[in-house]
There are 2 protein chains.
Amino acid sequence: MLDSTLDSATDAGAATQPVPPAGVAWGASLHGALLAHLRDYIVEGNLAPGARVPERALCERFGVSRTPLREALKVLASEGLIELLPNRGARVRQLGADEMVALFDVMGGLEALAGRLACEKITESGYAVIERLHHDMYAAYLRRDLHGYFTCNQAIHDRIVEAADNEPLATTYANFAGRLRRVRYAANLDKNRDRWGEAMREHEEILDALRRRAGPELSDILFRHLRNKRKAAAVQETVVQGTTVQGTTVQEAAVQETGAKETAAPAPAVG
Amino acid sequence: MLDSTLDSATDAGAATQPVPPAGVAWGASLHGALLAHLRDYIVEGNLAPGARVPERALCERFGVSRTPLREALKVLASEGLIELLPNRGARVRQLGADEMVALFDVMGGLEALAGRLACEKITESGYAVIERLHHDMYAAYLRRDLHGYFTCNQAIHDRIVEAADNEPLATTYANFAGRLRRVRYAANLDKNRDRWGEAMREHEEILDALRRRAGPELSDILFRHLRNKRKAAAVQETVVQGTTVQGTTVQEAAVQETGAKETAAPAPAVG
DNA sequence: GAGCGGAAAATTGCATTCATTTTTGGAAGA
DNA sequence: TCTTCCAAAAATGAATGCAATTTTCCGCTC
């Protein structure tokens, strides 16, 4: 059975990969549960980027034999989270700057699609929820509450994807979000007030287009929004180790292989 | 029944999944090779939709033991090609009408993204290739050459994705293309001349927008193009059994579980 | 003839085992 | 001291084995 130490490994309100990849009850089987746990384990940054994935150790940690673990590794490799080297096992995928740009663009394309579909399908109450989140976010912006801002921001984007009501889209979105999860942004909004204001204005446009159900327009805005987000973010891949955030807890920063250090709570996204 | 002129339209220039999912040399390992073979085997329709995936038989067919085969099945499940039922093995995923619509929309979103990125990155010579394909396609249209039309059409879309120069996008695109591969269209262009002309006009717009490097515009056109394609296609999921094309080799035909048999060739895409 | 147990057979899921490759560690030599 | 080489140890990739679940099939009952 799976070790209880992993139970708390899941992140706060993040869209890691909650969507069953194929409309199937994956969580039921040992394979599905192990896969989810292992994915979280890696996405959370418990393994340094570029580091080998230690089969033996993970087998003990998760209390399974190598067979199901290796199956999970193959799947994670197909998700792009790790890479398999012939006869050398698996390594945690390390993102170069260009790969990161590519992933960001795909995220932009997926959000653009989500926005367009959301305009077609969202209900009035669904819109109301997003509108309220938007106002909450604006309030957080006014009082310079980064954490509150981030939370609302992510919730808005997640709601848009949800409103698109497209299962493969949601799954794919979650996959790419997970891949980019370990990427932190050096230039967060503290140091980049201009971007913060700009992002806030973009969100005004987003809400407005959504209100008018202007699909193509919202689509375009969302893509540019993601583009600007990337451009504003001086990228830096870091490793967060130790206790994971659950609500209000603060993470410890542990340096691994990179000299980079991030003391504050994660600033997962700007914008 | 479908016209016999479409016989070879199956894997004309199709983008099944040639892109290595993670920039790794997958083909080198047995796992990678088996995965590719098995994916093709299913995508080609050798297993009926909804049918059980016979582990034992496939092990013999591919000459491997169950361990690597099961690993491949897990990956294919994560790709959405098959589904895993706890203690009941794998089944070939069967697409309902709504799921098909969802997949088509994602394809539209991915092509829209590809078009936008292509406008940013395509070279003049890259554009020239697409332009030539476009003219070839138009010629095929004029002489009512469905096969030629399909081939050029698919090549154009593939080239756009290629021009986007985004590896995760290409991989994801190939994945969804594979999922939709078994979906055939009852209302092909023979019976739907209106759609054919409309599709041709849309492609004129596509080329024009690409020539002007009008990213957002091309993005929008491509999404609508895919939408129209779906709407025009009376959908019907079929099983192609029997001879599969593998280079020049011809595989044996084996009827499995469904009496359904389709001798004529697939009409993979319209427009 | 249709519906219903129930045991045998097949299948699945996972652990274990084995051959091969890679990595490690240290001794020998420059 | 640094490099090179080689054997031991570890790790990987795949096959096999085994318990548990599911499916099949045959006889029985209604």
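Computation of the quantities below employed the complete heavy-atom set of this structure, encompassing side-chain atoms and omitting hydrogens, waters and symmetry-equivalent molecules. Note on naming: letters A, B, ... go to the chains in the order of the sequence lines (proteins, then strands), and numbering restarts at 1 for each one.
- Between C:dA15 and A:S65, a contact under 4.0 Å exists linking OP1 or OP2 to a side-chain N or O.
- One atom, CZ of B:R56, and another, C1' of D:dA15, lie 11 Å apart when rounded to the nearest Å.
- Both B:E55 and A:T67 sit near DNA chain C, but only B:E55 has its closest nucleotide nearer the 5' end.
- Put simply, CG on A:L85 is 14 Å from C1' on C:dT23, counting in whole angstrom units.
- Between the side chains of A:E71 and A:T67, not a single donor N or O lies within less than 3.5 Å of an accepting N or O.
- Within the model, atoms OG1 of B:T172 and CZ of A:F176 stand 3.5 Å from one another, a figure rounded to the nearest 0.5 Å.
- Taking atom CG of residue B:L73 and atom C1' of nucleotide C:dC14, one finds them 15 Å apart after rounding to whole Å.
- Taking atom CD on A:E60 and atom P on D:dA10, their separation rounds to 13 Å, with Å as the unit.
- Side-chain proximity of B:R52 to C:dT12, D:dA14, C:dA15: nearest is C:dT12.
- Residue B:R88 places no side-chain N or O under 4.0 Å from the OP1 or OP2 atom of C:dG13.
- The aromatic rings of B:H37 and B:F62 sit parallel, their planes meeting at an angle under 30°, below the 60° perpendicular limit.
- With distances taken from any side-chain atom of A:P68 to the nucleotides C:dA15, C:dG13, D:dA14, the minimum falls on C:dA15.
- As rounded to whole Å, 13 Å separates atom P of C:dA15 from atom NE2 of A:H31.
- One interatomic measurement links the two molecules: CD of A:E71 to P of C:dG13, which rounds to 9 Å at whole-angstrom precision.
- Using a 4.0 Å heavy-atom distance criterion, A:R70 is classed as a base contact.
- Per the geometry, CZ belonging to B:R91 stands 13 Å off P belonging to D:dT22, to the nearest Å.
- Nearest nucleotide to the side chain of A:R66, out of C:dT17, D:dT22, C:dC14: C:dT17.
- We find that CZ of A:F62 is positioned 17 Å from C1' of C:dC14, with the value rounded to whole Å.
- With values rounded to the nearest 0.5 angstrom, B:L73 atom CG is found 12.0 Å from B:R39 atom CZ.
- Note: B:E162 CD to B:H157 NE2 = 14.5 Å, rounded to the nearest 0.5 Å.
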